[in-house]
Amino acid sequence: MSEIRDLLRQAVARDLDDEPVALLFSGGTDSLSVLWTLLDLGAAVTCYTFRLRAVESNDVRASALACAHWSVPHVIVTEGEGDVAQDVARVVRIIGSARKTHVEVMYAYWHLIQAVKERHVWTGLQADTLYGSNKSAAIKHGKSSAEEFARYRRALLASPDQEGLAQARTLAAHFGKVLHAPYTDPAVR
């Protein structure tokens, strides 16, 4: 665990400057590990968490508790009152993908990145693949051998734009932001 922590710290430090930063924050392992790393490196962090109008998710509760514990500013971003179909159409147009998983994730990112005030935006995106715990892996290989699962995971890790990373970067650039995903750093992988 200390080795991955050191590698994550090095990956974040390479892209960190003196500007305040935003973290897209669910309060889960991925974004929490990025938060700890940013704080350890002395960054001024504001966390942004997405929620749907009608639902307060576990992410909202967990992120609020974590931010309160570490005295980190926390912004909860709720989807607007606009037409969801129009919002989804905008997301699809910007990211250039109508793939279900891309749209599901990028719909929240679209709202979050618009709300972010900071230029540099950090995310825990792709950590699930590194840990081998993404939903797709569990569905496709949850009952397979460890060797087969490891082969599947290595193939995912070989593709740096899987899990919507390319779409997230496109969306961030659309709003003039720079997206940082330290779990995509080759040394961390």
Side-chain angles (χ1 to χ4, degrees), residues 12 15-16 19-39 43-129 133-136 160-184:
V12 171
D15 289 339
L16 194 60
E19 294 180 44
V21 300
L23 173 61
L24 305 183
F25 190 59
S26 69
T29 303
D30 309 349
S31 59
L32 192 56
S33 62
V34 176
L35 175 62
W36 289 337
T37 304
L38 288 165
L39 292 174
V45 183
T46 298
C47 291
Y48 293 82
T49 303
F50 178 72
R51 75 165 279 178
L52 296 169
R53 287 190 295 264
V55 180
E56 181 180 88
S57 66
N58 288 334
D59 287 0
V60 171
R61 289 187 286 280
S63 61
L65 286 170
C67 287
H69 180 78
W70 283 288
S71 301
V72 173
H74 187 218
V75 177
I76 298 174
V77 178
T78 304
E79 63 183 330
E81 295 293 327
D83 183 328
V84 172
Q86 286 179 344
D87 289 349
V88 169
R90 284 185 194 102
V91 170
V92 169
R93 228 178 6 262
I94 293 167
I95 68 172
S97 173
R99 194 171 148 200
K100 180 182 176 276
T101 52
H102 291 168
V103 174
E104 286 174 345
V105 174
M106 291 308 118
Y107 179 75
Y109 271 50
W110 182 70
H111 288 284
L112 286 164
I113 291 175
Q114 286 182 76
V116 165
K117 305 292 184 229
E118 299 79 8
R119 187 169 67 95
H120 292 274
V121 180
W122 292 81
T123 178
L125 195 64
Q126 293 202 343
D128 282 349
T129 300
S133 62
N134 69 11
K135 181 180 174 183
S136 179
D161 286 335
Q162 52 82 31
E163 282 188 21
L165 180 63
Q167 290 74 28
R169 287 191 169 137
T170 298
L171 194 58
H174 178 81
F175 291 106
K177 309 295 180 187
V178 180
L179 186 78
H180 302 276
Y183 281 101
T184 64

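Hydrogens, waters and symmetry mates are skipped; everything else that's a heavy atom, side chains included, is used. FYI, the numbering just counts along the sequence from 1.
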Min side-chain heavy-atom separation Val121-Val178 under 4.5 Å: no
Are Leu35 and Leu32 side-chain neighbours, meaning at least one heavy-atom pair lies under 4.5 Å? yes
For Ser31, give me all partners under side chain to side chain donor-acceptor pair (under 3.5 Å), at least two apart in sequence or on another chain. Ser26
Using the rule given for side-chain contact (heavy atoms from CB on, under 4.5 Å), can you reason through Glu118 versus Glu19, listing the C-alpha separation, both sets of side-chain angles and the distance that settles it, and then say yes or no? CA-CA 8 Å; Glu118 299 79 8; Glu19 294 180 44; over 6 Å; no
Gap separating the CD atom of Glu79 from the CG atom of Leu52, nearest 0.5 angstrom: 5.0 Å
What I want to check is whether the side chains of Thr123 and His180 have a donor and an acceptor closer together than 3.5 Å. no
Could you walk me through whether Val21 and Leu16 pass side-chain contact (heavy atoms from CB on, under 4.5 Å), step by step? CA-CA 9 Å; Val21 300; Leu16 194 60; 4.0 Å; yes
Once rounded to the nearest 0.5 Å, what's the spacing between atom CG of Leu165 and atom CG of Leu179? 6.5 Å
What distance do Leu23 atom CG and Thr46 atom OG1 have between them, rounded to the nearest 0.5 Å? 9.5 Å
Does one side chain, of His74 or Thr49, offer a donor that lies under 3.5 Å from an acceptor on the other? yes
Start with the C-alpha gap between Gln167 and Thr170, add the side-chain angles, then the distance that decides, and say whether side-chain contact (heavy atoms from CB on, under 4.5 Å) holds. CA-CA 5 Å; Gln167 290 74 28; Thr170 298; 5.5 Å; no
Between the CZ atom in Phe25 and the CH2 atom in Trp122, the distance rounded to the nearest 0.5 Å is 15.5 Å
Quick one: pull up CG in Leu112 and CG in Leu171 and give me the separation to the nearest 0.5 Å. 9.5 Å
What's the separation between atom CD1 in Ile76 and atom OH in Tyr48, rounded to the nearest 0.5 Å? 13.0 Å
Check: Lys177 side chain, Ile113 main-chain N or O, donor-acceptor pair, under 3.5 Å: no
Is there a side-chain contact (heavy atoms from CB on, under 4.5 Å) between Ser97 and Val103 once you walk through the steps? CA-CA 7 Å; Ser97 173; Val103 174; 5.7 Å; no
Taking Arg61 for its side chain and Leu65 for its backbone only, find out whether a donor-acceptor pair lies under 3.5 Å. no
Holding to ring-ring contact (aromatic ring centres under 6.0 Å, His included), I want the full list of residues that pass it with Tyr109, two or more places apart in sequence or in another chain. none
Sequence neighbours excluded, which residues qualify as ring-ring contact (aromatic ring centres under 6.0 Å, His included) partners of His111? Phe50, Tyr107
Taking the side chain as every heavy atom from C-beta outward, state whether Leu38 and Val12 have any atom pair closer than 4.5 Å. yes
